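Within every chain, numbering begins at 1; the chains are lettered A, B, ... in the order of the sequence lines, protein sequences first and strands thereafter. Just so it is clear, the structure is predicted and the values come from calculations on it, not from any experiment.
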Protein chains: 4
Amino acid sequence: MVSDDERPARERILDAAETLFAEDGFDATPTSRIADRAGVPKGLVHYYFARKPDLLEALVERLPDERVDPAAVVVAGDVVESLHRLVAALDASLGSSAVLSHLLWREADTHPAVLAALHTRFDLLVEQIRDVIRASLPACGADVDSAAQLLASAVSYRHSVARHVDDGAVAMHRELRFLATALERSN
Amino acid sequence: MVSDDERPARERILDAAETLFAEDGFDATPTSRIADRAGVPKGLVHYYFARKPDLLEALVERLPDERVDPAAVVVAGDVVESLHRLVAALDASLGSSAVLSHLLWREADTHPAVLAALHTRFDLLVEQIRDVIRASLPACGADVDSAAQLLASAVSYRHSVARHVDDGAVAMHRELRFLATALERSN
Amino acid sequence: MVSDDERPARERILDAAETLFAEDGFDATPTSRIADRAGVPKGLVHYYFARKPDLLEALVERLPDERVDPAAVVVAGDVVESLHRLVAALDASLGSSAVLSHLLWREADTHPAVLAALHTRFDLLVEQIRDVIRASLPACGADVDSAAQLLASAVSYRHSVARHVDDGAVAMHRELRFLATALERSN
Amino acid sequence: MVSDDERPARERILDAAETLFAEDGFDATPTSRIADRAGVPKGLVHYYFARKPDLLEALVERLPDERVDPAAVVVAGDVVESLHRLVAALDASLGSSAVLSHLLWREADTHPAVLAALHTRFDLLVEQIRDVIRASLPACGADVDSAAQLLASAVSYRHSVARHVDDGAVAMHRELRFLATALERSN
DNA sequence: TATGAATGAGAATTCATTCAT
DNA sequence: GATGAATGAATTCTCATTCAT
């Protein structure tokens, strides 16, 4: 087996697992294929990850912290633009872990650790949207929580489940504008 | 093996497959367990469904048609109430196939037939929401398509993915009210 | 794989397991070698015996009932001869399951079912020896229980553990005579 | 890994191996568990004992010399008491290596070195019993060899195989008295 | 001398699928 | 049509052993 790649073997194994799990699902991916793809002998996979689900947990722990600095996206008085920048920033940050994101949705049911990670991520998303709305439209009298929840649903839905829908970005843009307009009007 | 239950063996096999696939996933469910649960001999499962994926396709074909008659829910001039009744009707109709709904999301990636069924269902959902909005608020100048897309996201998200979130109904109610208000204001 | 032998596959698997376990021990015998020896495909071994220890339990259940009819061996008034005949009868009956006998001793510690079987067998042995002593020497005033226990130890020791000692039969004969003499003297 | 215990690493490894082999058997004990239990890194086990069976041979060589000084136990003219003291002394000396004793029986078949050690120990046992009988009952006309063999069987049986039988000591006491009485009567 | 990462052969077990009856 | 014994490829996991440091 080849081995002298740049990254350490443990990382290469996780990379391979991430890609393959995302492509075919956890159950449909033999550890042997992970080893092949990582360029390590079969035994090494189980040396680092005694049981197969340990791979999944390690992947969850590798999840990047997707918190976006509100100050970096808020444009005072312009909710449309502010939310737009937030979503763009989230997209960029999530983009790197899009595959991972997707696979998590799929395995959440059967792996509690994954489910917990998903909930945390969703709550964080709602919170960030709400903060940006509040910061860009301080006196908004509308139901900001609902708007945040709606947008978070749409973002999550797009990132994790509906990745097959290619016009996602366009639709998202229009939905976002709709929400922003609603928020501004109720000012 | 038990046998003389009320439903024919083929149906019992599909019922069992639906439950078990939803619980543990397609790959993690041996056909032998489906046979056990259905109370039929192992061979019979493969007699009716030569290959395992055939079970999944048969389940997709069993999907109920969730079209709700617009006339039955629209309250002229009251979008909030109209959408509310629509969502309630959809919930009722989907309720019976909630497990199935959920399992479809999970298997969509690896089974094209399932993915296609999902897209059809989502498009139908958007269409119905749009129709109800238009019927209850004929002169609405807002971006009805986006509103419909947003609500469809939220509904789908709740039905299929976020089924673990218990306050789903409450949040949905508030989100819906937010959307309706936005639509009415732009009238 | 060959298959049209005289005995049914399940029996052939047990025969093979018995021989191989006795030769190399339970842990050192792969199920694949059992399959080879039995002339059946590997899968069939696990079809009949889901887990490897199930093979051991099935072997224990195959143990012949070694009860010897006292009437057939007792020579009234002659303990030496009576015990001699009993031991010979036990030897003959045990002989057929000598390998099994031996392997049971070895696996008793780690397999409770085996340990239980061994205890039952030993108690039965003591009981039979005592019955024969009593029947051939009714008025014996000696500690018949101890004599029976001693002889049972020696028999068990020889059958199960000390099978490598080749002069076993000769020694046993002398020991038996010693015991018998002791019993007669105390009459 | 812990390390600065009182005993040197090599000894701790053997101690751990002895315990674990006795508990689960040689084959069922991974060297890694031996390392864990000994509190040494995995590599060190193979550093001291290149192959796993080497551990077994080293254990056999650690066997204490169980020779009991006849003078210390013989009570002239009293075989019962003499043998009693001998067995007590053997018990005490064996007690420290009871686990080892037991594991040897189990592994004797597959490890010639172990089998040889066992034979040596048994012969030594017979010899000692005979010496004590002769010393305490010089003019005994009975078959002392057989009596010695019988008692050695019972002692071995108890020490090595029947360690699960809790009333071992009591039964042994009665058997011993039976033998002694027999020997005295034939005087 | 000591270490623990790395290796790969081989173990038990699972399971979709076939097929004779 | 129905059945369940039979098959064997594939899968997860174990572990003695090696070896660079």
Give the rounded distance in Å between these two atoms: [atom1] of [X] and [atom2] of [N].
{"X": "L55(C)", "N": "dT13(E)", "atom1": "CG", "atom2": "C1'", "answer": "13 Å"}
{"X": "F49(A)", "N": "dT12(F)", "atom1": "CZ", "atom2": "C1'", "answer": "16 Å"}
{"X": "D24(C)", "N": "dA11(E)", "atom1": "CG", "atom2": "C1'", "answer": "15 Å"}
{"X": "I34(A)", "N": "dT12(F)", "atom1": "CD1", "atom2": "C1'", "answer": "11 Å"}
{"X": "D36(D)", "N": "dT3(E)", "atom1": "CG", "atom2": "C1'", "answer": "14 Å"}
{"X": "K42(A)", "N": "dA6(E)", "atom1": "NZ", "atom2": "P", "answer": "17 Å"}
{"X": "D27(C)", "N": "dA16(F)", "atom1": "CG", "atom2": "P", "answer": "12 Å"}
{"X": "K52(C)", "N": "dT14(E)", "atom1": "NZ", "atom2": "P", "answer": "15 Å"}

Checklist entry - Want to settle it: does A28(B) or Y47(A) sit nearer the 5' end of DNA chain E, counting the closest nucleotide to each? => result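 Whichever sits nearer the 5' end wins; that is Y47(A).
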Item to check | Residues which pass side chain to side chain contact (heavy atoms under 4.5 Å, CB included) with S32(B), listed by chain and number, not counting sequence neighbours | outcome: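 For S32(B) the side chain to side chain contact (heavy atoms under 4.5 Å, CB included) partners, ignoring immediate neighbours, are P30(B), K42(B).
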Could you check which of [options] has an atom nearest any side-chain atom of [X]?
{"X": "H46(C)", "options": "dT3(F), dA12(E), dT7(F)", "answer": "dA12(E)"}
{"X": "Y48(A)", "options": "dG8(F), dA5(E), dT14(F)", "answer": "dA5(E)"}
{"X": "P30(A)", "options": "dT14(F), dT12(F), dA6(F)", "answer": "dT12(F)"}
{"X": "R51(C)", "options": "dT3(F), dA6(F), dT13(E)", "answer": "dT13(E)"}

Counting N and O atoms only, with roles assigned by atom type, does the side chain of [X] sit under 3.5 Å from a partner on the main chain of [Y], one being a donor and the other an acceptor?
{"X": "R33(C)", "Y": "A16(C)", "result": "no"}
{"X": "R7(C)", "Y": "R12(C)", "result": "no"}
{"X": "K52(A)", "Y": "F26(A)", "result": "yes"}

Checklist outcome for this item: Symbol by symbol from the 5' end, with Watson-Crick or G-U pairs under 3.5 Å, [ ] crossing and | another strand, DNA chain F is .||||||||||||||||||||
Checklist entry - So do L14(D) and Y48(D) actually touch side chain to side chain, heavy atoms under 4.5 Å? => result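 Not in contact.
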Item to check | Phosphate-side-chain proximity, T31(D) and dA16(F), N/O vs OP1/OP2 below 4.0 Å | outcome: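 For dA16(F), OP1 or OP2 has a side-chain N or O of T31(D) closer than 4.0 Å.
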Checklist entry - Want to settle it: does A9(C) or A50(A) sit nearer the 5' end of DNA chain F, counting the closest nucleotide to each? => result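 First, find each residue's nearest nucleotide; the 5'-ward one identifies A9(C).
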Next on the checklist: I'd like to know if R37(C) and D15(C) make a salt bridge, using a cut-off of under 4.0 Å between side-chain N and carboxylate O.
Outcome noted: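 No, R37(C) and D15(C) are not salt-bridged.
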Checklist entry - Salt bridge check: are E11(C) and R62(C) linked by an N-O gap of less than 4.0 Å? => result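 A salt bridge links E11(C) with R62(C).
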